Each structure stands twice: as structure tokens, then as C-alpha cells.
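So the structure is just underneath, and the comments pick up after that.
For reference, positions follow the sequence shown, starting with 1. Not measured: the values here are computed from a predicted model.
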Amino acid sequence: MFRTYDLSGIWDFSMAQMAKGTFPTAFDDTIALPGTTSLAKKGAPNPNREAGFLTDAYAFEGQAWFRKEICIDPELFDTDMGMLPIKLTLERTRMTTLWINGRLVGSCNSLCTPHVYDITDFVTKPLVEILVLVENTGYPTKGGHLTSPDTQSNWNGITGQMTLEVFPEVYVDHVQAYPDPEHKNVTLTMQLHGASTASFSATGSVVEDNEEDTIPLFQAQLTADENGMASVTIPLDEAYYEWSEYHPALYYLFYTIDEADCGSVSFGMRRFCAEGSRFTINGQPTMLRGKHDGLIFPRTGYAPTDVNEWLRVLSIAKSYGINHYRFHTCCPPDAAFTAADVLGIYMEPELPFWGTIAAPGEEGYNEAEQNYLIELGDKMLDTFGNHPSFVMFSLGNELWGSPERLGEILRHYKERDSRHLYTQGCNNFQHFPLMVPEDDYYVGVRLSKERLLRGSFGMCDAPLGHVQTERPGTMHQYDDVIFPKQTEGEGASDTEEIEIQYGTGVKKVQVSKTAGGLIPTKPVVTHEIGQYEVYPDFREIDKYTGPLKARNFEIFRFRLGAKGMLRQADKFFRCSGALAAACYKEEIEAAMRSQYIAGFQLLDLQDFSGQGTALVGMLDAFMDSKGLISPEEWRMFCSDCVLLAQFPSYVLITGEMFVAKVSMRTVLPQSGTAEWMLVRENGDTLGKGTFPVQAESGLTEIGSIFCRMPEELQRPERVHLILSLTDTDVCNAYDLMLYPAIAMPELESRAELCITENLDTALAALADGKKTVFLPRETAESIPGFYCTDFWCYPMFRDICNWMKKPVAVGTMGLCIQDDHPALAEFPTQEYSTPQWYDIVTAADCTILDDTSSEFTPIVQMIDNFERNHKLGIVWEAKVGSGSLLVCTSRLSEIATRPEVRWLAKSLLDYAASDRFAPAQSVTAQQLQKWFRKGE
């Protein structure tokens with residue numbers, strides 16, 4: 001461009017709500033732009049205390065008016081021709097209407113691409129009055145996470161670059177770069193203005209790993225077609241570099257038109273392809289290790305438009321092994337793509353749509369909305385398509401409707417822009433997935449109702465996943481799910497009406513009864529894996545210094561305090577977080593063990609601040625570590641090279657042979673030596689060995705471990721399996737529990753100790769002042785034992801399940817254990833859930849102990865969700881009259897074949913028979929009857 005005027009700064013401001021076509025004539029306030037009304041604290045403070053998402057302290061929906069005067073250099077006017085071409089650009093805003101010098105220019109409603117107005121005919125003098133109306137209601141589509149209060153908030157304002165750009169008489173715009181790595185050149189297409197022919201010259205550089213190479217001067221003549229489009233092809237073989245996650249080489253071209261400086265374009269030489277069941281980058285197979293992003297930025301309430309902030313955010317993600325971002329029903333600003341270009345991140349923006357795409361003539365067909373979305377997609381491709389990081393494009397989230405119509409839209413985009421891979425959407429048609437011929441890849445959670453591609457689900461979307469329903473393990477993989485040995489029966493071909501989860505609600509849809517499911521022919525990416533909830537860390541509240549306030553956290557803190565457990569908040573956070581981290585490890589490793597999984601998309605590495613408040617991250621909403629797991633520990637199982645052990649159980653018995661298979665999932669070919677060690681807690685080595693490694697890209701089995709467990713062990717202890725690749729930082733670790741083989745202790749009374757499953761017997765013994773171990777077979781007031789932490793968050797999915805008349809999730813969040821309590825002296829444990837507890841918890845009822853004192857703390861407590869906040873006991877003790885009571889609500893006799901169960905029983909009984917058994921807190925016989933006698 002010839003001249004650029006920066007419009008950022010102080011603008012006149014009004015919140016007057018005007019009739020359509022009119023504008024305020026007086027402005028009594030000012031505001032700094034870029035920014036939002038909430039960030040500037042404009043309007044009335046919001047008194048609400050939202051429990052399901054962050055509260056916008058100055059939430060405002062309606063009309064916001066911004067006015068500014070700017071003086072254009074007089075020499076830019078030609079006495080004969082008038083003003084040179086001039087455009088006004090508002091990079092990131094809502095729906096805008098523009099007046100120049102009191103004259104209406106027009107409107108723009110793009111939610112994610114710049115609003116660009118040609119104002120040449122409206123600028124008749126150097127002094128220019130700019131009046132912009134921004135509205136954040138009445139969108140052409142709901143907007144997904146671009147406008148949701150669950151994510152960045154439905155802000156009003158202008159948050160990106162604001163410029164007036166003056167161009168020469170002859171200039172080009174809409175410059176698109178189409179790299180051709182095969183022929184080592186790039187073709188630029190552009191719109192030529194002011195002439196049908198013009199001279200074109202370009203020079204520049206390519207930067208890789210901070211090294212710069214110069215691109216020779218290129219000159220050519222442009223000739224426009226009847227639509228004003230022209231193109232040139234520039235050879236790059238003298239300075240040819242490919243772009244990838246490992247070598248993000250970027251080209252920067254600066255061009256002139258008729259010897260006048262005109263502009264620049266950047267791009268990368270890359271071929272991101274779907275080949276069979278995997279993705280390749282420049283011919284090299286790769287695996288997508290992705291995360292979800294909903295543009296959550298609590299400090300501002302909107303997505304940043306500066307590159308440095310996106311470099312910070314994406315660098316944090318990359319430090320956790322992430323190489324891919326999926327933007328859920330949203331598209332980030334240009335700065336995000338620029339940062340991803342630099343760092344080598346594969347980006348998948350998405351149309352801001354979460355609904356139904358019906359075909360013309362079908363019920364629910366919305367022509368205006370579909371036309372808007374298709375046009376918005378065109379703008380996204382034109383605006384961001386040059387970025388080499390922009391490799392994938394999705395039509396939306398969990399769509400329903402017409403497969404044929406989805407295919408038509410995909411064909412439109414593929415014919416328009418061949419630089420990206422395309423998919424009909426993420427997790428479309430839910431229980432009844434399908435692919436259309438135009439799909440380049442598939443993103444979903446299942447291939448039929450029973451063929452599941454992730455480890456966790458909400459109850460409304462049952463069946464549940466393997467992480468939720470199976471003993472923690474390292475054997476699960478999805479290859480047999482993707483290509484089953486026997487496909488399910490084809491079933492009937494007619495349709496039925498079913499009720500499904502639809503966003504945060506429900507709807508009825510017509511589906512085919514065909515039961516066979518999908519056999520994918522393209523790469524498979526698993527959708528929104530994880531969603532393991534962590535208890536709130538109330539220390540985060542003070543971090544919300546911007547317009548979005550964590551009043552939901554304040555509500556949760558108050559609820560916990562009202563139940564008398566606020567002192568346990570930090571431990572609830574730590575223990576639930578440790579379990580969530582373990583669940584994520586199991587989830588990601590299952591994907592890594594599956595050679596036909598081309599990638600995964602986490603939900604999420606960071607917390608999701610809305611939809612009931614889903615604290616599912618190892619990082620908080622600010623992308624700051626919660627202190628639950630380090631990047632180095634996370635990369636053990638989430639990186640471009642991962643060592644994987646497969647063994648049947650985390651629980652071992654002395655004298656048995658430990659057997660494990662060791663595999664490597666790698667992107668780049670690896671050679672060298674892998675080492676394994678089994679190490680006792682005291683540092684002694686139980687066994688070690690090496691494997692030669694010669695692994696191509698993908699999944700390779702590299703060896704097996706055989707190691708006899710010692711027989712002389714007297715008590716249980718932890719054993720660490722450590723895998724490593726010599727001379728690299730590639731390693732992985734698994735904590736096992738080794739138990740001496742013992743018989744199950746007799747669960748019968750002794751002279752000094754009453755052991756009973758009968759409440760009346762226990763009450764009688766306590767009345768006599770006896771020590772009593774009570775092992776109830778049922779409870780009257782309890783929550784079923786569930787090992788895995790809650791999915792997403794309890795209140796949102798409880799409501800959905802109630803609407804759908806389906807069972808509600810248990811909703812608990814793992815164990816909080818007094819690991820130094822003498823009752824567990826013979827049962828070494830961490831303070832949080834570990835695999836040795838799986839059967840014990842699954843066979844337990846968690847007693848609701850809400851009516852005990854605030855000092856009463858179970859020895860083994862189940863953490864409840866932040867909505868109910870029940871005090872839940874599995875193992876606890878109390879004084880009852882003159883007697884001492886130890887309760888274990890796990891039905892140990894039913895699971896007595898498990899070695900860990902035998903040792904827990906031994907530890908509890910030894911403690912109850914000892915002098916150390918002297919409970920400090922009391923409960924009454926009436927409370928016991930209330931908790932354990934059904935019908936009373």
C-alpha cells in the first residue's frame with residue numbers, strides 16, 4: 001500500500017440504542033481501541049454470579065458507537081482524479097456498519113475475518129469523520145465459540161488492527177500463494193485494479209532456523225482476465241526450503257506494481273496430504289497430537305491479535321508435545337496462524353456452526369444461514385489460506401443433516417482452494433457416523449454405537465469408554481475397532497427417530513437403522529478425547545483481573561465451605577488432578593498404540609471455562625501450569641517419539657513372571673538402543689535389559705520384557721518400570737504395585753474385635769464398648785463407587801441426562817486418602833487414586849457423611865463434584881458411645897481373589913486390633929442407622 005494510517009487510540013464513544021439507519025449526533029464518552037466495552041468498563045456493572053461460566057463484569061449486548069476524525073495528507077488527492085483508492089480495515093470485530101462524513105458506506109457481518117470497506121468515493125476532503133456501529137446481537141448464525149459466554153464471551157468492540165490504507169492508482173489485492181513443491185515454484189494469483197496490465201517485480205527471503213536465504217529478483221508482466229484476476233509463477237529452486245513442524249521455513253515476498261511499493265505475502269512450501277490411513281507432510285508420515293481451542297482468554301475476554309501472545313500460547317502447547325490445534329466452531333485471528341507458521345503447528349479452523357445442514361427442500365433448511373456460512377468459509381480461505389500452518393478445515397462441530405449437502409459444500413471449497421484438507425465436520429452424526437466422498441479425513445469418537453474411539457463419554461452418550469469402565473491398563477488400542485475382524489450386521493434399512501445430545505441440550509433426529517457402522521477409508525482423528533475433570537483450585541480466583549471474573553469459583557468455594565470441607569480444597573484439587581493426569585496418560589497411550597489412528601484432539605490440555613465450568617485441563621484457563629504434571633512428564637506419552645509398555649496389570653505378585661511388550665510410536669525413523677529397568681522404591685534394580693531399535697515411522701514392536709518378581713518380599717511396595725532410548729530424552733515410566741502372596745484374612749469376629757457385615761451386630765458390639773469393624777453389604781445413603789474422575793463436569797451432563805431420561809453419571813472425582821494413616825500401614829498408597837484401588841472402589845458404596853462435624857475426615861474419601869459436595873467415605877473411623885468403629889464400605893469378600901484386596905483387609909484388621917485404633921471423632925448410633933439401614 002502507498003500510505004497507512006493507524007486508527008488505534010482514543011475514539012468518541014456512545015452506547016445509545018438507535019433506530020435502524022440513524023446514528024447519535026452527540027458523544028459524551030471516549031474509549032481506547034482496539035478493545036472492548038467490557039475491557040473499558042463501559043456500561044452498568046453486571047451483578048450476576050454465573051455458575052456455569054465466567055461472569056463478564058460489564059456484559060453488554062446491543063449497539064456500540066465509535067467515532068474518530070483523521071486528517072488525510074492533502075497530496076493524496078488528485079485535482080482531476082479525486083482521492084486515490086482508500087480502504088478502511090477493522091481486523092476483528094462483530095457486525096459493523098460504517099458511515100464516512102455522515103454518509104452510509106455499508107455493513108459487514110464476518111465474525112472472524114477483517115471487515116474491509118472501500119471508502120474511496122466517500123473521502124472528498126482531507127478531514128475524514130469515521131463512524132462505526134458495532135452490534136453483538138442478531139448474528140446470521142449462532143456463532144459457536146466465537147460468540148459464546150462459555151469461552152471468550154459475547155464481547156462488543158474492535159479488537160484487532162484498525163487502519164486506513166491508501167493505494168496507488170494501479171495496485172493488486174487478494175494475493176494468494178499456491179506453492180508447488182514438486183516443481184519448486186509458487187504461483188501468485190491476485191486481483192489487479194486500475195489497469196488491465198502492469199509490471200510486477202518481487203524479491204524477498206526465506207527464513208529457516210534463524211538462517212536467511214535471499215530470493216533472486218523476479219520480474220514479469222501482469223495481464224488481467226475479464227474478472228480482473230492475474231497470476232505469475234515464481235521459481236524458487238535457487239532458494240528452496242520445505243515447511244514442516246520440524247523445519248518451519250517461511251518465505252517472505254515483497255512485490256511492486258508498476259514500480260510502486262504495493263505489498264507483501266508470506267507462505268511455506270509444504271504438502272500436507274492424506275495418504276491411506278495416515279497424514280504426511282512433504283512425503284513424511286506424521287501423527288497429529290492436537291488440542292481443542294475455543295479462544296479462551298480470561299484476561300481480556302477476547303482472542304489476542306498480536307503475534308507475541310500467540311507465540312507464548314502455542315509454545316506452551318508445543319512444550320507438552322502438541323503439534324496440532326483444532327479450533328472448535330471458531331477461527332483464530334491472523335496472528336495465531338502467523339505464530340503457528342513460525343513454530344510449526346498444524347491448524348484446523350472451523351466454521352462457527354453447531355447445528356443441522358439440511359438440503360434444499362428438507363425440513364430445517366435455512367438458505368440464508370447456509371449462504372452466510374459458505375461465504376464466511378470463502379473469506380477464511382482467502383484471508384488465512386496463505387499460511388502454511390493452515391492445513392485442515394472443518395465445516396463445524398457435531399453436525400446433523402444431509403450428507404449430500406455437506407458433500408456439496410466441501411466440493412465448493414475444494415474447487416476454490418486446493419491447499420488444505422477438508423472434512424464435513426467433527427463428530428458428525430454421533431452414533432451413526434458416515435463419510436462422504438469429499439471427506440479427506442474423519443474426525444469422531446466412534447465408528448458405530450459400540451465401536452468406540454476414545455476412553456471416556458458422558459452418560460447421555462453411553463456406552464462409556466475403557467478408561468471409565470475397565471481396570472487401569474496398558475493394553476487398549478483402537479486398530480480392532482477401526483478394522484474389526486467381523487463387522488456388525490447390516491440391520492434394517494429404514495429409519496427411526498432418536499433423541500441425541502445436541503450442544504448443551506437435546507433434539508430428536510431421524511437416523512438409519514443400519515447397524516454395521518463405518519469402515520473408514522481415510523485418516524482417522526479421534527475427537528475431543530479426555531475430558532477428565534479436576535476439582536477447582538480456588539487460588540486461581542485472584543488471577544481474573546480482566547473483565548471476566550471467576551464468580552463461578554467463588555460459588556463453588558462457598559458451597560464447599562457450607563459443607564465444612566473448605567480446608568480440604570487444596571487436597572481435593574491435587575488428588576483429582578493426579579487421577580486426571582493418569583487418565584490422560586492412559587487415553588493418549590491407547591491412541592499411540594493404534595497404528596490406524598492418524599491423530600487425536602484433546603479436550604483439553606487447558607481448562608474450559610464454561611458449559612457448566614469444565615476444569616478438564618492440566619493447565620488452567622490462562623495456559624499456566626496447575627503443578628499437576630510437568631511438560632517433560634507429559635511428553636513421555638505425548639510426543640513425536642514415545643516408548644510404550646503393554647502388560648496385563650499394574651498389580652504384581654511376588655514370585656510371578658512380569659511380562660511386557662515394548663513398542664515405539666515415532667514420527668521420524670529411529671535407530672539405536674532402548675533400555676528397560678524395573679526398580680524398587682529403595683533404588684534396588686529387579687531387572688534390566690536392552691533392545692536394538694530400528695523403527696520406521698509409525699508403530700513398531702521393539703522387544704519384550706521377562707522379569708521374575710522376588711519371593712522374599714515381606715510387605716507391599718511400589719516398583720517403577722522405566723523405558724528409555726539411549727542418547728535421547730525419550731523415556732516413559734509406569735508405577736506398579738508388588739504384593740506378597742497371602743491368603744484373605746478371615747472376616748470373622750475375634751475375641752478382642754467384632755468383625756461383621758450386619759448393622760445390628762455392629763451396634764450391639766459398640767454398645768458393649770467393643771472395637772468393631774463394620775463391612776456393610778449395602779448402604780442407605782451413598783453414591784456408587786466409580787474409579788475414574790467425572791467426565792467434563794457434573795451439572796451440564798446431569799441436566800442433559802435428565803432431559804433425555806437417561807441415567808445420570810456418578811459424578812465423583814477420585815480418592816482423597818490419608819496415606820499416612822496407621823489403618824493403611826500395610827497398604828502403601830499415594831494420597832490419590834492409583835490402579836491398586838480400582839477393584840476396591842468399584843465394589844464400594846461411598847457413604848454420604850454430610851451430617852458429621854467439619855473435623856470429621858474419612859481415611860479414604862471419595863471426592864465429590866463441586867455442585868453436590870457430599871462428604872463421601874469408603875474407609876472411616878469414629879467413636880460410637882464407648883465403642884470404636886472402623887468402617888469399610890467396599891465389599892471386600894466379593895473381590896477377595898485380588899492380592900491388593902487381601903492386603904487392604906489385613907491392614908485394616910491389624911489396625912483395628914491394635915492399640916493405635918482410637919478414633920478421635922464421634923458419630924451416634926442413630927446416624928449409623930440412618931446411613932446403613934435402608935427404609936429408615
Side-chain angles (χ1 to χ4, degrees), residues 274-280 285-290 324 423 426-427 431 433-435 439-457 463-489 515-530 583-602 637-648 659-667 669-670 693 695-704 723 732 734:
E275 298 183 7
S277 62
R278 61 188 183 181
F279 296 108
T280 62
T286 190
M287 182 182 187
L288 298 182
R289 304 177 304 279
H324 167 54
T423 186
C426 295
N427 198 31
H431 284 201
L434 55 85
M435 295 186 73
D439 277 325
D440 290 319
Y441 59 100
Y442 170 78
V443 183
V445 303
R446 52 165 49 87
L447 296 171
S448 72
K449 184 175 177 63
E450 303 293 334
R451 290 165 55 208
L452 309 181
L453 289 174
R454 73 181 188 199
S456 60
F457 291 83
L464 300 184
H466 66 94
V467 178
Q468 296 168 305
T469 60
E470 298 176 8
R471 190 176 292 119
T474 66
M475 304 295 286
H476 203 91
Q477 50 82 25
Y478 301 111
D479 290 338
D480 294 339
V481 175
I482 296 172
F483 297 114
K485 294 180 175 62
Q486 287 187 325
T487 58
E488 301 163 31
L518 173 65
I519 303 297
T521 58
K522 304 288 178 65
V524 171
V525 179
T526 56
H527 170 77
E528 296 183 357
I529 71 169
C583 292
Y584 275 113
K585 176 180 169 70
E586 184 172 344
E587 176 94 57
I588 292 172
E589 287 194 352
M592 289 286 183
R593 282 190 292 272
S594 308
Q595 62 180 330
Y596 296 119
I597 291 292
F600 57 80
Q601 296 167 343
L602 286 169
F637 52 86
C638 180
S639 187
D640 60 354
C641 184
V642 173
L643 290 167
L644 301 161
Q646 289 180 262
F647 47 85
V659 180
K661 183 172 73 174
V662 179
S663 301
M664 174 183 286
R665 181 67 180 255
T666 182
V667 171
Q670 298 285 343
V693 174
E696 297 301 317
S697 180
L699 183 69
T700 304
E701 185 175 341
I702 60 175
S704 295
L723 308 176
N732 203 350
Y734 302 85

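- A distance of 10.0 Å separates NZ of Lys661 from OG1 of Thr474, quoted to the nearest 0.5 Å.
- Between Phe600 and Met592 the shortest side-chain heavy-atom distance falls below 4.5 Å.
- For the pair Leu699/Gln477, no side-chain contact is recorded, criterion being any heavy-atom separation below 4.5 Å from C-beta on.
- In this structure a side-chain-to-backbone donor-acceptor pair under 3.5 Å is present from Ser697 to Val667.
- Pro433 places none of its side-chain heavy atoms less than 4.5 Å from the side chain of Val445.
- Within the model, atoms CZ of Arg454 and CG of Asn427 stand 7.0 Å from one another, a figure rounded to the nearest 0.5 Å.
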Chi angles and distances behind the side chain to side chain contact (heavy atoms under 4.5 Å, CB included) call for His466, Leu452 = CA-CA 9 Å; His466 66 94; Leu452 309 181; over 6 Å; no
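- Between the Lys522 side chain and the Asp439 main chain, a donor and an acceptor come within less than 3.5 Å of each other.
- Side-chain contact between Tyr734 and Glu589 is present, with heavy atoms from C-beta onward closer than 4.5 Å.
- For the atom pair OG (Ser663) and CD1 (Ile702), the distance works out to 7.0 Å, reported to the nearest 0.5 Å.
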key: Leu723 and Leu644: CA distance, side-chain angles, deciding distance, side chain to side chain contact (heavy atoms under 4.5 Å, CB included) verdict   = CA-CA 8 Å; Leu723 308 176; Leu644 301 161; over 6 Å; no
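- The backbone N or O of Cys583 sits nowhere less than 3.5 Å from a side-chain atom of Glu586 that would complete a donor-acceptor pair.
- Nearest heavy-atom pair across Ala660 and Phe647 is CB-CB, 4.0 Å.
- Side chain of Tyr442 to backbone of Pro520: no donor-acceptor contact under 3.5 angstrom is found.
- Arg665 places a side-chain N or O within donor-acceptor distance of the main-chain N or O of Ser594, the cut-off being under 3.5 Å.
- Of the possible polar contacts, none joining the Thr700 side chain to the Met664 backbone as a donor-acceptor pair under 3.5 Å is found.
- Phe483 and Tyr596 have perpendicular rings, their planes meeting at more than 60° on a 0 to 90° scale where under 30° would count as parallel.
- Under the 3.5 Å distance criterion, the side-chain polar atoms of Arg446 are left unmatched by any main-chain donor or acceptor of Gly517.
- If you take CG on Leu447 and CG on Leu453, they are separated by 4.5 Å, rounding to the nearest 0.5 Å.
- A salt bridge links Asp480 with Lys485: at least one charged nitrogen is closer than 4.0 Å to a carboxylate oxygen.
- With a 4.5 Å cut-off on side-chain heavy atoms, Arg278 and Pro523 do not count as touching.
- The shortest non-hydrogen separation linking Met287 to Gly599 is CG-CA, 4.2 Å.
- Once rounded to the nearest 0.5 Å, the distance linking OH of Tyr441 with OG1 of Thr423 reads 5.0 Å.
- For Asp479 (side chain) and Gln595 (main-chain N/O), a donor-acceptor pair under 3.5 Å exists by modelled atom type.
- With sequence neighbours excluded, the residues satisfying side chain to side chain contact (heavy atoms under 4.5 Å, CB included) with Pro669 are Gln284, Glu696.
- Between Glu587 and Tyr478, the shortest heavy-atom contact is OE2-OH, 3.7 Å.
- If you take OG on Ser639 and CZ on Arg289, they are separated by 5.5 Å, rounding to the nearest 0.5 Å.
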